[in-house]
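Down below is the structure, laid out as structure tokens.
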Amino acid sequence: NAGVTQTPKFRILKIGQSMTLQCAQDMNHNYMYWYRQDPGMGLKLIYYSVGAGITDKGEVPNGYNVSRSTTEDFPLRLELAAPSQTSVYFCASSTPSGGRETQYFGPGTRLLVL
Amino acid sequence: EDQVTQSPEALRLQEGESSSLNCSYTVSGLRGLFWYRQDPGKGPEFLFTLYSAGEEKEKERLKATLTKKESFLHITAPKPEDSATYLCAVQAVGNTDKLIFGTGTRLQVFP
């Protein structure tokens, strides 16, 4: 199992550009999540999904969009990139376990918006 | 509001010098408390989950404990390879999809 994979590893965007961060998992997990991590701050939840076709906002969803057409993939879309979106983005997945779900994280995508 | 506070922010230890990291939490009802390890440039790596006060879990030189207000990660005789940032997160009752993270403790172990 590759676990949770993310591409790209690093990207530089200009202000106003758009991009999609890719996330895939091969553990057949139902739940998937997107977090951002800024220096000195805890991980903040952007969006999450409990299954294909179902997504919901987390704590910091503004400026982002997601879709979940398959169990395996959960891409994160940035529209009109802004410097405030400079961050490290982590995707995670988990599976329902009677309320005892453990989230497993990908290696992250480092994004710089200039 | 659900909240997680970790202390200290940074900790420097000599190899073999045991210590503890603290995670204090405020949550309406605790479903689970998670400890992760994060190496520079990598994603968080799962270590432990604790579900009820009094529970303890161990892995090599690490031992996690839980009370009704806080969790401790005890590091016994640390080695340089234990150097990392340790993250604590809580999952609240009725909020099973979401983790609330602390800001982490950056541990450096010197030979």
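Lettering of chains follows the sequences in order, A, B, ..., and the numbering in each one begins at 1. In what follows, every heavy atom counts, from backbone to side chain, and hydrogens, waters and symmetry copies are set aside.
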Taking atom NZ of B/K57 as the centre, does the number of heavy atoms from other residues, nucleotides or ligands within less than 6.0 Å exceed 12? yes
Of all the heavy-atom pairs spanning B/Y36 and A/Q103, show the shortest one and how long it is. OH-O, 2.6 Å
Please check if atom CD in B/Q108 has more than 12 non-hydrogen atoms from other residues, nucleotides or ligands closer than 6.0 Å. yes
Between B/E45 and A/F105, does the side chain to side chain contact (heavy atoms under 4.5 Å, CB included) criterion hold? Intermediate values first, please. CA-CA 7 Å; B/E45 176 188 347; A/F105 285 79; over 6 Å; no
Check whether A/Q37 gets within reach of chain B through its side chain, its backbone, both or neither, counting any heavy atom under 4.5 Å. side chain
Same cluster or not: are A/Y31 and A/Y64 linked, directly or through other Ile, Leu, Val, Met, Phe, Trp or Tyr residues, by side-chain heavy atoms under 4.5 angstrom apart? no
ILVMFWY cluster, A/M19 and A/V66 together (side-chain gap under 4.5 Å): yes
In Å, rounded to the nearest 0.5 Å, how long is the span from OG1 of B/T103 to CG of A/L43? 11.0 Å
Answer with yes or no whether the hydrophobic clustering places B/L47 together with B/L11; edges join I, L, V, M, F, W, Y residues whose side-chain heavy atoms lie under 4.5 Å apart. yes
Side chain to side chain contact (heavy atoms under 4.5 Å, CB included), that's the test. Do A/Y35 and B/L99 meet it? Break it down for me. CA-CA 10 Å; A/Y35 292 88; B/L99 289 179; 3.8 Å; yes
A/F90 vs B/K42 side-chain heavy atoms within contact, under 4.5 Å: no
